[in-house]
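Have a look at the structure below before the remarks.
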Number of protein chains: 2
Amino acid sequence: MFQILIMFSKACEYGIRATVYIAQESLSGNRASLKVIAKEIDSPEAFTAKILQQLARHNLILSTKGPHGGFEIAPENLYHLTLDKIVKSIDGDEIYQGCGLGLKACDADNPCPLHFQFLEVRNKLSLMLHTTKIYEMAEGIVDGSAFLRR
Amino acid sequence: MFQILIMFSKACEYGIRATVYIAQESLSGNRASLKVIAKEIDSPEAFTAKILQQLARHNLILSTKGPHGGFEIAPENLYHLTLDKIVKSIDGDEIYQGCGLGLKACDADNPCPLHFQFLEVRNKLSLMLHTTKIYEMAEGIVDGSAFLRR
DNA sequence: TAAATAAAGGACAAAAAGGTCTTAATATAT
DNA sequence: ATATATTAAGACCTTTTTGTCCTTTATTTA
């Protein structure tokens with residue numbers, strides 16, 4: 001019976017942190033290897049690999065095998081990529097659906113007793129995810145005003 | 001890799017729904033038995049029992065054994081009880097702490113790149129939980145404007 | 001073309017959340 | 001007192017999430 005309330009899954013946490021790190025490297029034209037990523041964001045390497053595979057399959061990041069390979073974000077994506085894409089890619093599409101109290105059917109016509117309050121909070125979160133850009137987060141790391149580990 | 005983003009644990013969902021149902025019965029001076037609660041909120045009986053035990057241990061609800069026993073909310077609690085108490089009792093105290101990106105140390109001085117955005121959403125949720133009263137939710141059930149199952 | 005480097009993929013293991021079952025304890029009514 | 005109804009508690013099982021390890025595939029460089 002533990003668990004934090006507004007939360008990302010571990011997969012999502014690592015996914016976001018990894019992507020921000022990759023973005024940071026991409027800003028200066030470098031690829032990042034899995035090994036370095038996992039070290040820099042302090043995440044389990046093999047698990048992080050799975051997550052990055054998934055992000056690559058969804059074309060949010062690019063992966064290249066072989067020497068000097070690694071992960072990067074395509075220039076045309078770098079300035080557009082928002083948090084919600086990462087989250088959706090990892091935790092699935094139903095993020096913004098589903099009744100807060102777990103009812104199978106819950107809508108404005110047949111609401112659970114928390115429906116409207118819940119909607120407000122969820123909309124706020126949704127807005128946050130849609131407007132937060134990965135490259136902005138990455139810039140915070142570059143200029144030292146934010147951190148990806150510790 | 002599934003999971004909904006702003007969410008209660010299943011334990012919390014059942015706990016909230018059960019409490020609202022108990023409040024509804026308490027409003028008209030009745031106790032509710034586990035069997036009836038589980039049926040009315042459509043939850044697994046034995047699991048619901050565990051959750052109610054916990055709420056009772058924390059003195060959020062009262063339980064009475066034996067014939068005509070069951071669960072109720074003490075009159076002096078009934079109009080004061082808010083959602084956050086239920087959630088805290090079930091999911092623990094760290095609900096409003098913890099870095100959104102999973103960093104061990106993350107605060108205004110040493111923030112993760114999502115710290116301030118996250119805080120806003122969390123504050124909104126916190127406010128919602130602190131201001132939503134159980135008896136108000138129960139009244140919604142009574143007057144037919146909201147539902148605990150389906 | 002061979003060796004080295006890196007990601008991809010699949011099988012497996014561990015931990016946490018969700019859920020069940022059985023027995024014990026307690027209250028009530030007769 | 002006894003039978004019955006009800007919650008409490010603990011042991012156990014199942015599913016999901018998190019995490020590891022090993023083999024395969026692709027790319028680069030010598």
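The sequence lines fix the lettering, A, B, ..., with proteins before strands; numbering per chain opens at 1.
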task: Look only at the side chain of B:S126 and the backbone of B:R122, and say whether a donor-acceptor pair between them is shorter than 3.5 Å.
output: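 No; judged by distance alone, with no hydrogens or angles, the pair does not exist.
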Rounded to the nearest angstrom, tell me the gap between atom [atom1] in [X] and atom [atom2] in [N].
X: B:D91; N: C:dA16; atom1: CG; atom2: P; result: 15 Å
X: B:Q54; N: D:dT7; atom1: CD; atom2: P; result: 17 Å
X: A:F47; N: C:dA15; atom1: CZ; atom2: P; result: 15 Å
X: B:I51; N: D:dT7; atom1: CD1; atom2: P; result: 15 Å
X: A:Q53; N: D:dT24; atom1: CD; atom2: P; result: 16 Å
X: B:I22; N: D:dT7; atom1: CD1; atom2: C1'; result: 12 Å
X: B:E72; N: D:dT6; atom1: CD; atom2: P; result: 14 Å
X: A:K35; N: D:dC21; atom1: NZ; atom2: P; result: 14 Å

- prompt: Quick check: are there more than 12 heavy atoms from other residues, nucleotides or ligands sitting under 6.0 Å from NE2 of A:H130?
  reply: yes
- request: Would you state whether a donor and an acceptor, one from the side chain of A:K50 and one from the base of C:dG10, lie under 3.5 Å apart?
  value: yes
[X], nearest nucleotide to its side chain (from [options]):
X: A:F71; options: C:dA7, D:dA9, D:dT18; value: C:dA7
X: B:H68; options: C:dT28, C:dT5, D:dT18; value: C:dT28
X: A:P67; options: C:dT5, D:dT6, C:dG19; value: C:dT5
X: A:R57; options: C:dT28, C:dG9, D:dT28; value: C:dG9
X: B:A46; options: C:dA7, C:dT20, D:dT6; value: C:dT20
X: A:K10; options: C:dA7, C:dT26, D:dG19; value: D:dG19
X: B:K65; options: C:dG19, C:dA25, D:dA26; value: C:dA25
X: A:L34; options: C:dA7, D:dT6, D:dC21; value: C:dA7

Validation row: B:T131, A:Q117 side chains within 4.5 angstrom (heavy atoms):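 SC-SC contact between B:T131 and A:Q117 ruled out.
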message: I want to confirm an ordering. Mapping A:P44 and A:G66 to their closest nucleotides on DNA chain D, which one lands closer to the 5' end?
response: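 The residue closer to the strand's 5' end, by nearest nucleotide, is A:P44.
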OP1 or OP2 of [N] versus the side-chain N and O atoms of [X]: is any pair under 4.0 Å?
X: B:T64; N: C:dT26; answer: no
X: B:S33; N: D:dA5; answer: no
X: B:Y14; N: C:dG19; answer: yes

message: Over 60° means perpendicular and under 30° means parallel, so tell me whether A:F8 and B:F118 are parallel, tilted or perpendicular.
response: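 Answer is tilted, since the angle falls between 30° and 60°.
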statement: One should read off an interatomic distance between A:D91 CG and A:C12 SG, to the nearest 0.5 angstrom, of 4.0 Å
query: If every non-hydrogen atom of B:Y135 is compared with every non-hydrogen atom of B:L27, which pair is closest and at what distance?
result: O-CD1, 4.4 Å
